[in-house]
Every structure is written in C-alpha cells, then in structure tokens.
Amino acid sequence: MSKYDVTVIGSGPGGYVAAIRCAQLGLKTAIIEKYNTLGGTCLNVGCIPSKALLDSSHHYHDAIHNFEKHGIKTGKLSVDFKQMIDRKNEVVSQTCDGITFLMNKNKIDVFTGVGSFKDTTHINITDAKGKVTTIEATNTIIATGSKPSTLPFIKIDKKRVITSTEALSLKEIPKHLIVIGGGVIGLELGSVYKRLGSEVSIIEYMPTIVPTMDTMLSKELQKSLKKQKIKFYTSHKVTSVKGTAKEVLITAENKKGEMVEFKGDYCLVSVGRRPYTDGLALDKAGVKMTERGQIETNSQLQTNIPNIYAIGDVVKGAMLAHKASEEGELVAETIVGQKPHIDYNLIPGVVYTWPEVAAVGKTEQELKEAGVAYKVGSFPIRALGRARASMDLEGQVKVIADAKTDEILGVHMIGARAADMIAAAVVAMEFRASSEDIARTSHAHPTFTEAIKEACMAVENRSIHS
Ligand code: FAD
Ligand code: NAD
C-alpha cells in the first residue's frame with residue numbers, strides 16, 4: 001500500500017495549491033480527483049470559462065457600441081457562438097493541462113477516482129469502473145469544494161432550467177434568459193448573454209443586487225447594467241419555476257404582494273452554492289460537520305480529527321478561488337510546523353461585469369453597525385484622462401478610513417480594470433497604510449490607478465481633479 005505524508009482530496013484551487021505547497025515543503029504528496037481533468041470548479045466550470053465568455057462577449061459589445069467612435073468601421077457584425085464556446089473550451093483545457101504539468105513537476109501522485117475515508121489514516125479511491133485502491137495518509141486535506149444550490153421547489157432539468165455549469169456550454173444564445181439570483185454568477189452570466197443579444201431579466205429576493213457589497217457598488221452597478229438594458233426585479237420572491245420542452249414559466253411575488261409572471265426560453269438558477277461532501281464517508285473518520293453542511297474547522301483549518309484538515313468552499317467563509325488557495329498554503333505550512341496566518345478581512349471580492357466591481361475590507365454598512373467612526377473619500381472615474389482616452393467613463397473609487405487613525409478600512413471600486421486595481425488596495429491594507437500614505441504615493445499618469453490616489457486625497461478634501 002502506498003503511503004503519503006499528505007493526501008489531498010479534490011483538485012480545485014484549494015486542493016492543487018495545497019498539494020504543490022506540501023511538495024515544496026518536502027512532504028510526499030498525493031492528490032485525488034474524481035473527474036478526469038484537474039482544476040476543480042474554478043478551472044472547469046467556474047472562474048476560467050466564465051471569464052473567457054465575458055472577454056469574448058465584451059469584445060463583441062465593444063465592437064458594436066464603441067468601435068465607430070474610435071474611428072474603426074467594421075460593417076455588419078455577427079456572433080459565431082459555437083466558435084465562442086469552442087475557444088472557451090480550449091482555454092479551459094489549456095489551463096487544466098497546466099495543473100497536470102505542475103503535479104508532474106512537483107512529483108505529486110495523481111489518483112483519478114472518488115476519495116472516501118476508510119478510517120482516519122486510510123483513503124479508498126474508487127475509479128469509474130468501481131475498482132478500489134487504498135492508500136495510507138499521515139495527514140489528509142479535504143478540498144472537495146461546492147456544487148450549485150437551488151430552491152426546494154425548483155427542479156433543475158439542465159435543459160431549460162439550468163445552473164452556471166450548463167450556462168457556460170449552451171448550444172444557442174437564449175432569446176430571453178431569466179436569472180434567479182442577482183449575485184455574482186447571475187450578473188456575470190447575465191452580462192454575457194445580454195451582450196450577445198438575449199433579453200435578460202434578473203429576479204433578486206433582496207432589495208439590492210450583490211447585497212453583501214457596499215451599497216454604493218450595488219446601486220452603481222445596477223444603474224450601469226440597466227443602461228445595458230438588463231431588466232431587474234429586486235425584492236421579488238420566486239414562487240414557482242416550470243420548465244417545458246421549449247420554455248420556462250416563472251412566477252414571483254413583488255413587495256406589494258402582487259404576482260408577477262415571467263416567460264423565457266432558459267432560466268438560470270444562481271442562488272448560491274452548497275459545500276460538497278457527498279461520497280467522502282466522513283463518518284468513517286469521525287469528521288464533524290456544521291449545521292450548514294460545511295466541514296467544521298478551527299482557525300488553522302484543522303477538523304476535530306487532528307490529522308485531517310479542510311479548506312476552500314467546503315469550509316466557512318467566502319466561496320472564492322483565491323481564498324481556497326490561501327487556505328491550501330496555510331494548511332501545508334501548518335503541517336510542517338510553521339505559523340501562517342490569513343486575514344480574511346483582506347480577501348478581495350470582484351464581479352467581472354463591465355464596469356468591473358471590486359472591494360476589500362469593511363463596507364460602510366458594516367462600520368455603521370459596528371459603531372466605528374470613519375471618513376470617506378470618493379473619486380469619479382470620468383475625471384481621469386485615461387478613462388476619457390479609452391471611453392470607459394463609468395464608476396468611482398471610494399476609500400473608507402478610520403476617523404482617528406486614518407488607517408484604510410475599506411476600498412470599494414466600480415469601473416474599468418477595477419478587478420486588477422483592487423490588488424493595490426489589498427497591499428496597502430495588508431501593510432496597514434493610512435489614506436495619507438497612499439495620497440502621498442506617486443501613481444503613474446495617465447492610469448486608472450490615479451483614482452485610488454485621488455480618492456485617498458479626497459478623504460482629507462484635497463483631491464486635485466474633482
Ligand atoms: P472546487 O474548485 O469546487 O474543487 C473541488 C474538487 O474536488 C472538484 O474538482 C471535485 O470534483 C473534487 N471532489 C469532490 N469530492 C471528491 C471526492 N470525494 N473525491 C475526489 N474528488 C472530489 N471564484 C473566484 O475567486 N473568482 C471567480 O471569478 C469565480 N468565478 C466563478 C464562476 C462560476 C460560474 C462559479 C460556479 C464559481 C466561480 N468562482 C470564482 C468560485 C470558485 O470556483 C470556487 O470558490 C473555487 O473553485 C473553490 O475551490 P475549491 O478548491 O474549494 O473547490
Ligand atoms: P451569490 O451568493 O453571489 O448570489 C446569490 C444571490 O441570490 C443573492 O443575491 C441572493 O440574495 C439571491 N437569492 C437567494 N435566494 C433567492 C431567491 N429565493 N430568490 C431570488 N434571489 C435569491 O451566489 P452565486 O451568484 O450563485 O455564486 C455562488 C458563489 O460562487 C458565490 O459565493 C461567489 O462568491 C462565487 N463566485 C464568485 C465569482 C467571482 O469571484 N467573480 C463569480 C461567480 C461565482
């Protein structure tokens with residue numbers, strides 16, 4: 001029987017990063033993945049394919065709406081949707097192959113099959129033909145991720161009533177896509193199909209879209225997406241969803257208690273994801289779960305069984321690829337006796353719509369609730385020379401700083417390239433910068449990052465360009 005210092009179950013951005021870090025630290029490492037390709041949700045049916053389609057559809061939208069103003073004539077444009085999906089598949093397969101390369105490079109043994117606990121130190125791997133291989137593991141890291149969740153009365157038929165997985169591989173552009181849930185998936189995939197010509201209606205239970213983000217971001221994003229003709233039905237409670245061979249019929253109750261009916265050809269259910277532990281036989285190892293179906297862990301991501309750890313979407317916290325990866329590194333380093341630390345307040349969140357939305361730290365709502373005194377500086381993107389040059393004028397950067405110490409407590413931005421710009425704010429906050437520190441730091445001109453400096457200057461009412 002093969003014996004490993006560490007066995008990782010699941011090869012998403014949590015699992016594969018944990019495996020590489022373990023191998024770097026000299027641990028004999030195995031990784032078990034039930035699918036034939038490595039990379040988990042993120043690489044196969046999540047971050048990477050959604051961004052590939054967002055990029056393709058953005059080019060198309062730009063070509064239709066903005067090229068002429070730049071002096072570029074294109075003639076009549078059309079979409080080759082099959083080619084768009086094929087390119088997305090190519091991007092996915094190249095990225096997944098990259099993980100196989102990294103496993104070989106780091107001498108990590110890859111097992112294909114479902115991993116399940118035999119006991120606390122033995123893992124069974126059942127392949128597609130039902131053949132079981134057992135390996136011994138001194139330590140195990142559970143990184144089995146999450147699956148789309150749904151509402152009790154909705155039957156996901158994967159044809160008309162679909163999840164993000166099917167929405168990333170449709171055979172046709174929907175005529176009318178009805179999206180249940182105005183969170184990250186609903187807005188990103190809703191944007192893809194709106195840009196490609198679908199009518200898109202988003203039904204959201206809460207009064208605002210992306211309800212956990214700073215209210216400024218939800219309001220500004222909704223305003224921008226409304227201009228792109230996405231229809232929003234906030235404060236609507238979906239009461240029934242019926243898929244037939246050709247259409248979907250949905251009813252919802254608005255805040256006045258009136259019944260509203262929707263008819264479309266596809267319904268995307270994007271109301272969140274649930275931790276995935278099916279088939280792990282956690283009971284055989286005695287690993288405890290929370291009431292919400294997550295694996296219970298302490299601050300070092302150790303379960304109640306000391307040699308078994310859990311990371312990523314299957315444990316508490318934001319369901320984000322970079323959060324899962326940070327946790328993978330933390331556990332590997334903990335196993336070899338190091339003392340790593342993650343500041344969860346500084347895990348950035350991004351929505352890859354256009355304009356992009358990105359945030360780190362506390363929202364104004366959270367600071368108000370906690371009774372923390374703060375000051376705010378904002379800067380409009382349209383005041384930037386770079387924004388006028390590229391015609392990406394929408395959005396703003398808002399910086400929240402402690403009223404007494406001036407330490408930056410939160411940065412919330414909407415605008416072109418916000419997804420990349422947020423890194424500057426994360427670094428600043430990691431080093432506990434004050435808004436004045438950033439206000440006094442040189443930012444290249446003309447760039448979008450000048451909006452961060454100007455927003456920091458605005459905290460003390462000394463913004464130059466607004
Ligand atoms: P996963 O990536 O879910 O990987 C778990 C792996 O474990 C899977 O491959 C699964 O097959 C395997 N597995 C499960 N059980 C077993 C078993 N018993 N034996 C063997 N293998 C098993 N996050 C971002 O940060 N940025 C984004 O832009 C982004 N976009 C997204 C877009 C979409 C459409 C979706 C659905 C998600 C997106 N996410 C994004 C979220 C991100 O994909 C997840 O947070 C991330 O994949 C979680 O990583 P993980 O390693 O915990 O689990
Ligand atoms: P989400 O939690 O972001 O959004 C779900 C939305 O559905 C919320 O706005 C919620 O209020 C709404 N909702 C819940 N019940 C509802 C109901 N009955 N009727 C109408 N609306 C309802 O979840 P998601 O968009 O499904 O994404 C799942 C996870 O994947 C998220 O945790 C997210 O972090 C991750 N993800 C991240 C990215 C990214 O980082 N860019 C992209 C996609 C997904």
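Just follow the structure's listing: the first ligand is 1, and inside any ligand the first atom is 1. Here the structure is a predicted model, which is why all the values come from computation and not from measurement.
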Subject >> Donor-acceptor pair between Asn44 and Thr37 side chains, under 3.5 angstrom >> reply: yes
Subject >> More than 12 heavy atoms from other groups under 6.0 Å of OH on Tyr35 >> reply: no
Original post:
How far is atom 7 (O) of ligand 2 from its nearest protein heavy atom, and which residue and atom is that?
Top reply: Gly181 CA, 3.3 Å
Original post:
For ligand 1, is there an atom lying under 4.0 Å from some heavy atom of Lys323?
Top reply: no
Subject >> Where ligand 2 meets Arg273 - atom numbers and elements under 4.0 angstrom, heavy-atom basis >> reply: 28 (C), 29 (C), 30 (O)
Original post:
Mind checking whether Ile185 has an N or O less than 3.5 Å away from an N or O of ligand 2?
Top reply: yes
Original post:
Short list, please: which atoms of ligand 1 are under 4.0 Å from a heavy atom of Glu33?
Top reply: 6 (C), 7 (O), 8 (C), 9 (O), 10 (C), 11 (O), 12 (C), 20 (C), 21 (N)
Original post:
Considering only heavy atoms from C-beta outward, does the side chain of Lys231 approach that of Glu199 to under 4.5 Å?
Top reply: yes
Original post:
Could Asp55 and Lys51 be called an ion pair, given the rule that one side-chain N must be under 4.0 Å from one carboxylate O?
Top reply: no
Original post:
Which atoms of ligand 1 are found less than 4.0 Å from any heavy atom of Gly40?
Top reply: 2 (O), 4 (O), 8 (C), 9 (O)
Subject >> ligand 1 versus Val45: contacting region, heavy-atom distance under 4.0 Å >> reply: backbone
Subject >> Donor on one side chain, acceptor on other, Thr215 and Gln365, under 3.5 Å >> reply: yes
Original post:
At a 4.0 Å threshold, what atoms of ligand 2 neighbour a non-hydrogen atom of Val350?
Top reply: 39 (C), 40 (O), 41 (N)
Original post:
Backbone or side chain, does any N or O of Val184 fall under 3.5 Å from an N or O of ligand 2?
Top reply: yes
**OP:** Compute whether any side-chain donor of one residue and acceptor of the other, for Thr244 and Glu247, lie under 3.5 angstrom apart.
**Re:** no
Original post:
Short N/O distance, under 3.5 Å, between Glu204 and ligand 2?
Top reply: yes
Original post:
Relative to ligand 1, is Ala324 under 4.0 angstrom through side chain, backbone, both or neither, heavy atoms considered?
Top reply: side chain
**OP:** Show which atoms of ligand 1 fall inside a sub-4.0 Å distance from at least one heavy-atom site of Tyr276.
**Re:** 14 (C), 15 (N)
Subject >> Which of the ligand 1 atoms, numbered from 1, are nearer than 4.0 Å to a heavy atom of Tyr35 >> reply: 11 (O)
**OP:** Using heavy-atom distances, let me know which of Thr144, Leu53, Ile48 sits nearest atom 14 (C) of ligand 1.
**Re:** Thr144
Original post:
Would you call the rings of Tyr233 and Phe262 parallel, tilted or perpendicular if under 30° counts as parallel and over 60° as perpendicular?
Top reply: perpendicular
**OP:** Would you mind reporting whether Arg21 and Glu333 have side-chain heavy atoms less than 4.5 Å apart?
**Re:** yes
**OP:** Show which atoms of ligand 1 fall inside a sub-4.0 Å distance from at least one heavy-atom site of Val114.
**Re:** 18 (N), 19 (N)
Original post:
Would you call Gly279 a ligand 1 contact, heavy-atom distance under 4.0 Å?
Top reply: no
**OP:** Could you tell me the residue and atom name of the protein heavy atom closest to atom 53 (O) of ligand 1, and the distance to it rounded to 0.1 Å?
**Re:** Gly145 CA, 3.1 Å
Original post:
Which atoms from ligand 1 have a heavy atom of Cys42 less than 4.0 Å away?
Top reply: 2 (O), 43 (O), 47 (O)
Original post:
Which atoms of ligand 2 sit under 4.0 Å from any heavy atom of Leu320?
Top reply: 34 (O), 37 (C), 40 (O)
**OP:** For atom 4 (O) of ligand 2, grab the closest protein heavy atom and report residue, atom and distance to one decimal in Å.
**Re:** Gly183 CA, 3.2 Å
**OP:** Could you check which of Pro275, Ala321, Gly349 puts a non-hydrogen atom nearest to atom 24 (C) of ligand 1?
**Re:** Ala321
Original post:
Any ion pair linking Lys159 and Glu166 (charged N to carboxylate O, less than 4.0 Å)?
Top reply: no
**OP:** Below 4.0 angstrom from a heavy atom of Tyr352, which ligand 2 atoms are there? Numbered from 1 as shown, please.
**Re:** 41 (N)
**OP:** Could you list which atoms of ligand 1 come closer than 4.0 Å to a heavy atom of Ala143?
**Re:** 5 (C), 6 (C), 7 (O)
**OP:** May I ask whether Lys51 has any heavy atom positioned less than 4.0 angstrom from an atom of ligand 1?
**Re:** yes
Original post:
Quick one: which ligand 1 atoms are inside 4.0 Å of a heavy atom on Ser164?
Top reply: 34 (C), 36 (C)
Subject >> Side chain, backbone, both or neither: the part of Ser50 lying under 4.0 Å from ligand 1 by heavy atom >> reply: side chain
**OP:** Under 4.0 Å from a heavy atom of Met206: give me the atoms of ligand 2 that qualify, with their elements.
**Re:** 11 (O)
Original post:
Heavy-atom contacts under 4.0 Å between Ile9 and ligand 1: side chain, backbone, both, or neither?
Top reply: side chain
Subject >> Close approach of Ser116 to ligand 1, heavy atoms, under 4.0 angstrom >> reply: no
Subject >> Option of least heavy-atom distance to atom 45 (O) of ligand 1 (set: Asp313, Ile123, Ile347) >> reply: Asp313
**OP:** Do me a favour and list the nearest non-hydrogen protein atom to atom 21 (N) of ligand 2 with residue, atom name and distance?
**Re:** Tyr205 N, 3.2 Å
Subject >> Test item: side-chain donor near acceptor, Thr138 and Lys3, under 3.5 Å >> reply: no
Original post:
Short list, please: which atoms of ligand 2 are under 4.0 Å from a heavy atom of Gly272?
Top reply: 5 (C), 23 (O), 24 (P), 26 (O)
**OP:** Check each of Thr126, Thr41, Asp278 against atom 2 (O) of ligand 1 and report the one with the nearest heavy atom.
**Re:** Thr41
Subject >> Interfacing atoms of ligand 2 (cut-off 4.0 Å, heavy-atom, Pro211) >> reply: 9 (O), 11 (O)
Original post:
Hey, are Lys223 and Glu220 close enough for a salt bridge, meaning a charged N less than 4.0 Å from a carboxylate O?
Top reply: yes
